[in-house]
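Every chain is numbered from 1 and lettered A, B, ... according to where its sequence line falls, protein lines coming before strand lines. Quick caveat: nothing in here was measured; it's all calculated off a predicted structure.
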Number of protein chains: 2
Amino acid sequence: MGPARISLPTSINGFSYADISKELGITKASLHYHFPAKAELGRSLIERYCNAFRGALLEIESTDRDPRKKLRRYAGLYAEVLRRDRMCLCGMLAADYSVLPRPMQDAVRAFFDANETWLSSVLEEGRKRKVLRFRGPPREEARLLLGALEGAMLVARSYGDVSRFSSSADRLLQDLSAS
Amino acid sequence: MGPARISLPTSINGFSYADISKELGITKASLHYHFPAKAELGRSLIERYCNAFRGALLEIESTDRDPRKKLRRYAGLYAEVLRRDRMCLCGMLAADYSVLPRPMQDAVRAFFDANETWLSSVLEEGRKRKVLRFRGPPREEARLLLGALEGAMLVARSYGDVSRFSSSADRLLQDLSAS
DNA sequence: GTCTATAGGTGGATAGAC
DNA sequence: GTCTATCCACCTATAGAC
């Protein structure tokens with residue numbers, strides 16, 4: 001009898017059973033008990049990350065009213081990650097999207113969707129309150145923001161230069177401010 | 001005696017001696033004759049890609065005068081890659097920047113630098129001719145454009161949706177048009 | 001649930017024949 | 001220059017003892 005699952009191409013995007021099990025202080029085999037296959041382990045990692053991010057967005061929602069401030073804090077989340085010399089997990093995984101197992105692909109998109117939805121609602125609110133100005137549907141502007149911030153983060157990290165990110169983020173938000 | 005080189009962590013970002021040698025119709029060992037270590041193989045790949053891209057930029061320079069048109073064609077290069085369901089090589093590699101060998105890191109940054117420089121000169125020209133409008137130094141706007149397009153590409157490919165990229169690109173260029 | 005041990009595969013890299 | 005053969009490290013995944 002053949003194996004029930006086919007092994008994935010080695011080391012999908014830098015994290016492995018060895019890495020994680022060592023960090024948890026257990027063995028690879030034990031980790032396999034909880035997450036039989038890489039696809040599920042990866043999906044769980046992404047969902048964990050996504051939930052933490054959602055938490056941060058809720059925090060922003062509950063402490064700030066001004067849509068402009070919300071966007072500034074949203075960009076601040078990215079800058080914070082960069083400052084620790086790290087990169088958005090989903091931005092990284094998106095680079096290898098085509099070779100990810102389906103469950104991980106779905107989780108990455110769910111992260112993007114969540115960001116897009118949150119941004120859309122903030123943009124819509126800002127437009128209603130006449131503090132933000134942009135053309136077309138909020139969803140399109142949200143997609144522009146999400147992509148632009150992820151990309152700015154990606155490039156800025158290659159230069160180890162947070163200000164490179166902040167400069168782009170500031171320009172984007174400035175363009176949104178109703179004068 | 002130990003080995004002269006230390007092996008890199010397996011499979012840096014999806015391309016391998018096996019992949020490339022198969023495509024070339026030779027063996028891995030033969031490929032190692034031309035590129036002893038992965039760092040040099042990777043650097044060569046990136047430089048090849050970078051040169052092809054520079055060629056495309058020169059082509060744009062030599063056939064179009066209007067800076068707005070140049071930018072539209074620049075964004076068109078990205079869209080073309082996306083249409084083939086592919087992604088910018090350097091955008092992909094930037095995601096794993098921190099674990100790339102130095103020669104590959106340098107080559108990735110050289111690609112970004114080249115793009116930034118080209119965009120800067122187009123933006124500056126557009127401002128002089130009063131067909132483009134933006135705040136601050138051209139270099140900063142160029143960085144915003146580069147990051148935003150790379151990021152839009154990254155996200156759009158996760159959805160297999162070119163229009164998602166084009167929509168963001170159009171918005172960016174629209175904002176630059178002097179009204 | 002956690003462990004040891006191992007299978008089976010792929011990765012980069014080298015030795016040596018031709 | 002290209003080949004076969006091999007090495008060692010690491011990967012995902014499983015079997016089976018405790």
Side-chain angles (χ1 to χ4, degrees), chain A residues 1-49 86-87 89-90 92-108, chain B residues 1-49 86-87 89-90 92-108:
Chain A
M1 303 292 272
R5 294 186 190 79
I6 292 176
S7 287
L8 292 168
T10 54
S11 187
I12 293 200
N13 216 284
F15 77 96
S16 68
Y17 278 90
D19 296 335
I20 297 175
S21 62
K22 190 185 292 180
E23 195 132 342
L24 294 178
I26 60 175
T27 61
K28 289 189 293 174
S30 298
L31 190 52
H32 269 287
Y33 172 81
H34 298 283
F35 304 96
K38 187 80 181 281
E40 293 312 309
L41 176 60
R43 193 176 57 83
S44 256
L45 263 182
I46 301 168
E47 283 172 359
R48 185 193 182 86
Y49 178 78
R86 313 201 69 222
M87 165 74 196
L89 175 64
C90 290
M92 286 183 56
L93 292 174
D96 294 334
Y97 190 84
S98 65
V99 296
L100 295 181
R102 186 68 61 79
M104 293 180 67
Q105 290 183 332
D106 294 344
V108 166
Chain B
M1 302 293 271
R5 296 185 188 82
I6 292 176
S7 288
L8 293 168
T10 54
S11 188
I12 292 199
N13 216 284
F15 76 93
S16 67
Y17 278 90
D19 296 336
I20 297 175
S21 61
K22 191 186 293 182
E23 195 132 342
L24 295 177
I26 59 175
T27 62
K28 287 193 295 174
S30 297
L31 189 52
H32 269 286
Y33 171 81
H34 298 284
F35 304 96
K38 187 81 181 280
E40 293 312 309
L41 177 60
R43 193 176 58 81
S44 258
L45 263 183
I46 300 168
E47 282 172 359
R48 185 194 182 84
Y49 177 78
R86 313 201 69 220
M87 165 74 196
L89 175 64
C90 290
M92 287 184 56
L93 291 174
D96 293 334
Y97 189 84
S98 65
V99 296
L100 294 182
R102 185 69 61 79
M104 292 180 66
Q105 291 182 332
D106 294 344
V108 167

- Item | Interatomic distance, A:His32 NE2 vs D:dA15 C1' [rounded to whole Å] | 13 Å

- Message: Tell me the interatomic distance from A:Lys38, atom NZ, to D:dT14, atom P, rounded to whole angstroms.
- Response: 14 Å

- Message: Among residues at least two apart in sequence or on other chains, which ones pass side chain to side chain donor-acceptor pair (under 3.5 Å) with B:Ser30?
- Response: B:Thr27

- Task: Compare all side-chain heavy atoms of A:Phe15 with those of A:Lys38 and state whether any distance is below 4.5 angstrom.
- Result: yes

- Query: For A:Ser98, what residues pass the side chain to side chain donor-acceptor pair (under 3.5 Å) criterion, not counting sequence neighbours?
  - Reply: none

Polar-atom pairs under 3.5 Å, protein N or O versus N or O of nucleotides 2-6 of chain D: list them with distances, or write none.
from: D:dT2; atom 1: OP2; to: B:His34; atom 2: NE2; distance (Å): 2.7
from: D:dC3; atom 1: OP2; to: B:Thr27; atom 2: N; distance (Å): 2.7
from: D:dC3; atom 1: OP2; to: B:Thr27; atom 2: OG1; distance (Å): 3.0
from: D:dC3; atom 1: OP2; to: B:Ser30; atom 2: OG; distance (Å): 2.7

- Which ring-ring contact (aromatic ring centres under 6.0 Å, His included) pairs, counting each pair once, include a residue from residues 26-48 of chain A, with sequence neighbours left out? A:Tyr17-A:His32

- Task: In whole angstrom, give the distance that lies between atom CD of A:Glu40 and atom C1' of D:dT12.
- Result: 14 Å

- Task: Find the distance B:Phe15:CZ to C:dT10:P and express it as a whole number of Å.
- Result: 19 Å

- Item | Options D:dT14, D:dC11, C:dG12, nucleotide nearest the side-chain atoms of A:Asp19 | D:dC11

- Task: Return no unless some side-chain N or O of A:Tyr17 is found under 4.0 Å from OP1 or OP2 of D:dC11.
- Result: no

- Message: If I take atom CD1 in residue A:Ile20 and atom C1' in nucleotide D:dC10, what distance separates them, rounded to the nearest angstrom?
- Response: 15 Å

- Item | Nucleotide C:dG11, atom P - distance to CG of B:Leu41 in whole Å | 13 Å

- Message: Once side chain to side chain donor-acceptor pair (under 3.5 Å) is applied, do any residues pair with A:Asp19, and if so which ones, sequence neighbours excluded?
- Response: A:Ser16

- Can you name the ring-ring contact (aromatic ring centres under 6.0 Å, His included) partners of A:Tyr49, sequence neighbours left out? A:Phe111

